[in-house]
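Notes for the one structure printed next.
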Amino acid sequence: MNSQVPAGDSLLEMAWVNGEFVAPAAAKVSALDRGFIFGDAVYEVVPAYGGNLFLLQSHLQRLARSLEITRIRNPYSDEQWGDLLQGLVDRCGNHDQSVYLQVTRGVAPRDHAFPDVEPTVFCLSRPLAETSDQQLDQGLVAITTADIRWDYCHAKTTSLIANVMLRQQAVDAGADEALLLRDGLLTEGSASNAFVVVRGELLTPTAGEQLLHGITRERILQLARQQNIPVAERSVSEQQLRRADEICISSSTKGILPVTRLDDVAVGEGTPGPVWHAIWQAYQAEIAQLRKGAAG
Ligand code: PDD
């Protein structure tokens, strides 16, 4: 791997394309890349706190699974991925980062069937956006909308036009997130997993092919169990969603956040609820440990 940017310089943002560290604005791939032409690519987003990648092994396992489903060759071993991503994080500094990685099927003349070419690898680290006090104190606003996506939502592919359109629908309605309904059941958010609290039990839709098996979702279920909060993975009906005492969403970039209004109706008391708060605190404590690890 060549490095055009000296490792000693700490920068806020840095990209890596096919073996070269470059400034994000200088990162280039061919217009014939199948990621660009077909959205023929998979990706991951891994947060780093205080220079430490959070739940990296789980992200690499899911990456391997997405590559297997789409039959794109995994260009690196887990160890190589770890070195590459940690190298990127180290070059950027100790601030909290959002590390994006993408593997495309590669560059080839446009033809739908798979070509026999090398995958393209693109990585980018950027500062992680902070959650605002308002989001924590007042919660998020969500709308419900029909889940118009395909049947491989468990593969983390870059073919996200449906998700992009659904998120914009939320934004156009003055909301933060769209919660998706398929056949009368909740699947997930446009870029997050979803949870409801019904009579003290934390419920999230079963991890099948109609939703992404979120790394944060998995961690939240573990943290809830550790705190003796009853949890279950099972179908969540539209009615349960609308009558829930609490609704939360989760993602690697946002952690766990409360939703306090759904389709212009207050969720429960209309304020962030106690189950969300208990899990959020446990999640924040983990992040604080990671940051301390960096300082020590
Ligand atoms: N997206 N579901 C969808 C459709 C998502 O896009 C995401 C995250 C999640 C949460 O997964 P995780 O906890 O592993 O981040 C669920 C990332 C953050 C993104 O596209 O930027």
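Just so you know, residue 1 is the first one in the sequence shown, and it goes up from there. Whatever order the structure lists them in is the order used to number ligands and atoms, beginning at 1.
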Quick one: does Y100 get within less than 4.0 Å of ligand 1, heavy atoms only? no
Applying a strict 4.0 Å limit to heavy atoms, is S98 in contact with ligand 1? no
Any heavy atom of E218 sitting closer than 4.0 Å to ligand 1? no
State if R62 counts as touching ligand 1 under the rule of any non-hydrogen atom under 4.0 Å. yes
Here the atoms of ligand 1 under 4.0 Å from any heavy atom belonging to S252 are 12 (P), 13 (O), 14 (O), 15 (O)
To the nearest 0.5 Å, atom OG1 of T260 lies from atom CD of E246 at 11.0 Å
Select the closest option to atom 13 (O) of ligand 1 among T216, T158, I249, judged by heavy-atom distance. T216
Value for NE2 (H95) from CD (Q97), rounded to nearest 0.5 Å, stands at 4.0 Å
Salt bridge between E177 and K254, side-chain N to carboxylate O under 4.0 Å? no
Counting from 1 in the order shown, the ligand 1 atoms closer than 4.0 Å to a non-hydrogen atom of S250 are 10 (C)
L60 side, atom CG; D78 side, atom CG - distance, nearest 0.5 Å: 5.0 Å
Within ligand 1, which atoms have a heavy atom of S190 less than 4.0 Å away? 4 (C)
When rounded to the nearest 0.5 angstrom, what distance separates SG in C248 from CD1 in I220? 7.5 Å
Side chain, backbone, both or neither: which part of N163 comes within less than 4.0 Å of ligand 1 when only heavy atoms are counted? side chain
Heavy-atom contacts under 4.0 Å between C153 and ligand 1: side chain, backbone, both, or neither? neither
Given I256, I220, T253, T187, identify the one with the heavy atom nearest to atom 18 (C) of ligand 1. T253
Go through ligand 1 atom by atom and flag the ones less than 4.0 Å from a non-hydrogen atom of G214. 11 (O), 12 (P), 13 (O), 14 (O)
I'd like to know if D33 pairs up with R105 as an ion pair, taking the criterion as any Lys NZ or Arg NE/NH1/NH2 lying under 4.0 Å from an Asp or Glu carboxylate oxygen. no
Is any NZ, NE, NH1 or NH2 atom of the basic residue among K156 and E44 found under 4.0 Å from an Asp or Glu carboxylate oxygen of the other? no
Among all protein non-hydrogen atoms, which one is nearest to atom 2 (N) of ligand 1, and what is the separation to 0.1 Å? E188 OE1, 2.6 Å
Between CD on residue Q289 and OH on residue Y49, distance to nearest 0.5 Å: 14.5 Å
Any salt bridge linking D172 with R167? Criterion: basic side-chain nitrogen under 4.0 Å from a carboxylate oxygen. no
Starting from atom 21 (O) of ligand 1, find the nearest protein heavy-atom neighbour and note its residue, name and distance. V45 CG2, 3.7 Å
Considering non-hydrogen atoms of the protein only, which is the closest contact for atom 1 (N) of ligand 1, and what is the distance? K156 NZ, 3.2 Å
Tell me the protein heavy atom at minimum distance from atom 19 (C) of ligand 1, and give that distance in Å. Y43 OH, 3.7 Å
Are the charged groups of R217 and E188 less than 4.0 angstrom apart, N to O? no
Nearest non-hydrogen protein atom, atom 6 (O) of ligand 1: A191 CA, 3.4 Å
Contacting atoms of ligand 1, where contact means under 4.0 angstrom from a heavy atom of I215: 12 (P), 13 (O), 14 (O)
Working note: Q240 + L203, criterion side chain to side chain contact (heavy atoms under 4.5 Å, CB included); need CA distance, chi angles, decisive distance, verdict. CA-CA 10 Å; Q240 282 175 314; L203 293 175; 4.2 Å; yes
